[in-house]
Every structure is written in structure tokens, then in C-alpha cells.
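Reminder, nothing fancy here: chain letters follow the sequence lines and each chain counts from 1.
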Amino acid sequence: MKTLRIDRTAAIAALLVAAFTLPVPGLAAPAQSPAIRTVVIDPGHGGMETGAKGRFGNLEKDITLAVSLKLKALIERDMGFEVVLTRDRDVDVSIENRSATANNHKAGLFISIHANGAVQRKAGGSETFFLSLNATDEETRRLAYLENNSTDLQSRIDPSSDDDLMMILWDMAQNAYIKQSSRLAELVQGELDAMLGTRNRGIKQAPFKILTGVACPAVLVEAAFISNPDEEQKLASADFQTKVAEAIYRGLARYLRANE
Amino acid sequence: MATEKKGKISRQALILSGLALVLLVLVIIFFTGGGEEKVKRFVDATVPKAPATGGEQAATRTVTLFFIADGDDLLHKEMREIAAGPTEADEAERALAALIEGSEKGLVSPLPPQTRVRQVFIAKDGVATVDFSRDVAEGFAYGSSSELAAVYAVVDTLVYNFKSVKKVVLLVEGAERETLGGHVDLSRAFFPDYSLVAR
């Protein structure tokens, strides 16, 4: 819902990020991200939670799993990364456990895979989301803390901690990675546009729960609309699923090359 | 004889205590003004009332509802007359009910048609809390787009029309809920987003 070009929140977020990454005397400049070893792929929905449904009976949860397995195979074949899936079969997994999987494996990148649904039958195309910030004053202060400490966020937050502040920090984890997530979204979306031959809906920001607690660059890919009968049939085909996986893989590869 | 007397006394005691109970209930009702309605008024007491439109007799006000359309991905405005007052929370409930009921001009409501608005609270700090029936979550198999449209149609409708509302929190059946359909985070208050409203 939030287009990047005309979104005031995005502009504010960008300003905040820029402000906090400028070298400030007395504060250590943020260090380079540590080398990425693990990619976590999140097949959206699962189990009782089917996600969006198509007119021909296809379910979002099945398509997201199929694409995720193909993407995992591609990364493992061609890159030296460990790939962890938040689910590898048709089971319910809470959103909290999905981000915990990413954080416990010290994920370097997080890709959540979805198929879109709209009330409008004709809605179609691919889009890639990263988290939007609705930062209040209080959250801005926390953001400042996170921006200055993002590189060792993993070691600072003990996932087993019950401490309230620690829980709040986890809840805000993604805020420290908005800039990288935006870049990753751009590269992935560029490849989806090049490969799928469907409408390019661009990169957008939204307050998606799955992205909030992930402590690494994270995007949510909406490959196509399962609510659109033409695109539903594409999504259900192994050929199109492979193209989606290939496009995301290429986007990841470009992001990683740029960050080497 | 003895048992009869005893029976009479206990019957009298029963009647007396019954009367006392009725009196107590009446006293409670008198002082609290009766249940839910009072609670809502209390919450709204400090919120400035919407300016009366027209004279003393003005019984309606115009609100702008945000619907979706078949041809694009934008939110489209539609004007609607709703009954006015007594509080902005009452009007907000009516505006949302009209949003769920649907368009009069061929636009589409982004909310499941069976959804009911249980209550709207508007707090002094500008946070409106909307409590929907469970149908708002269970009535649709949401995708990202339809879930965003549902949430922002509600948020935009409230903030656009009601001066005392700055942010909106969504509840389902009186309780916090993580998301409506697995996408949009409901744990925080939403600011409006007019970026996709058709011009």
C-alpha cells in the first residue's frame, strides 16, 4: 500500500537512517556487516493457515513452499551458504518462531515468499516489500540505539532473555537494517520484472509482522496474484515457480556481490 | 403449629430479602446510569464534539468512505450521510458500518460483509480503538494486498473524517490480534496512508 516514490514515511525513514549512519564524533561508525553464511527462506503461511486462495482451489501456502524449496536448491547448488527454511512441509509455524529461526541461525539474509491476494480479480504482477517504519519519538530513540549497534545486535540480544527491554529490542530488530533491506528488495524486484513477464508493481514498504523481528536484511516477495485466475495458473505451474526462484536467486547474488 | 409458624417467618424473610435485592439493583442502576453506554460516554467525555452542521435540527453529517475499485489498486473516496452525534465515537461506528455495508456507486468494500463493528473508543491522546467481530479476520482468506486495503480503508476513513483521531488500533472480539490474515502487524497503532488514494 505504501509506494516508495510518494511515501512521506519512507522519506522520514531514509532521513533517519542517513542521520544515524553519518559519522558522529565520539561514536564509532557502524562497521561493515560480517560475512553472510546463512540464508533463511520463509515459505509464507502453512498448515491450518492457508493464506490467500485461488479460484481454482490453489492455496498460497502450497505455492510458497514449492518456490522456497526450489530457491533453497538453487542457492545450495551455486553458493556456499547454509540455507534454512522456516518450514519444509505443510505445518503451522507462528510468525514469532519464523523470525526466531532467522535470528537463532544468525541469518545473513531473510526472504519471505508469498503469493498475493486482492479483492479485485484483475489485480496482478509482482512486488517486493520491506518493512515500513511508523516511528514515534520513543521508537526513534530506540532506532538511534539500534543504528549504532546493529553489527553486534546478535550478540547483544540473548534470544532466551525474558527481560522486557530485550523483547522490545527484538521487536524492533528489523529497524536497523531498513537501508539494506530496501537495496535487497530493489535488486530482487528488478530480476522478477526481468524474468516473469508480468506487471512490475515495484518495491513497497508495509508494516508486515514477519519482517519486524528479523535481525538482518529482510524482504517479502509477492510473486504474483493467486486471486487473479491467469496468474493463479502460472503460480501453480512448476515452470513459473522455477522462474520465480531463479529471479530471487539472481537478486540475492547481485546483492551479495555488491556487498563483498 | 410450630412448623407452620417457622414456615411463615421464613417466607416473610424471603420476600423481604427479595425486596431488598430489587431496591439494591435499582439504586445501582440509578447511580451508574446503566452498563456499557455509560462507559463509552465516560471515555468520550473529554473529546471535543464534532461541530454541528446546520442548525439545532441537523441530524446528519457527511463522511468520506474509502473503497476499492475493480479497475485499479487505489482507494476511492465516496461521500455518505450518516446520523450525527452524540459523540465522535458514535459517528465513527456508523461510518465504519457504512464502509462494511458497501458502496452505492459500484465500488467495493475491502472488509468482509458479515463484519460487525462492536465498539469504537476514542482516547484523549488521539488513538481510536476499533473492535471488530471475528468476521473481519475470518471472513476473507487475505493476501497482502487485500489485507493492506482492509486495514488502511478503516484507518484512513477514521483519521480523515474525525478530527480527534490521529492513529488507529484494531482489535478483534475485544482482544489484540497479531494480524488479520498473516501479513499486516496489528500490534501497533496505524497512522493513515493516503498515498494510494485516487485523486
Given that the side chain runs from C-beta out, which part of B/A150 has a heavy atom under 4.5 Å from chain A: side chain, backbone, both or neither?
-> neither
Cut-off 3.5 Å, side chains only: do A/E231 and A/T198 have a donor facing an acceptor?
-> no
Chain B contact via A/L220 - side chain, backbone, both or neither, heavy atoms under 4.5 Å | side chain
Chain A contact via B/S144 - side chain, backbone, both or neither, heavy atoms under 4.5 Å | both
What residue in A/I226, A/L211, A/N116, A/V119 has the most heavy-atom pairs under 4.5 Å with chain B?
-> A/N116
Distance only, no hydrogens: is a donor on one side chain within 3.5 Å (strictly under) of an acceptor on the other, for B/T60 and B/R94?
-> no
How long is the span from the NZ atom in A/K61 to the CG atom in A/D90, to the nearest 0.5 Å?
-> 3.5 Å
If you count heavy-atom pairs under 4.5 Å between each of A/R121, A/E127, A/H45 and chain B, which one has the most?
-> A/H45
Segment of B/V184 engaging chain A (4.5 angstrom heavy-atom cut-off) | both
List the steps, then state whether side-chain hydrogen bond (donor to acceptor under 3.5 Å, both in side chains) holds for B/Q119 with B/E93.
-> CA-CA 7 Å; B/Q119 190 86 59; B/E93 283 174 20; 3.3 Å; yes
Run through B/V159, B/V155, B/N161 and flag the one making a side-chain contact (heavy atoms from CB on, under 4.5 Å) with B/T157.
-> B/N161
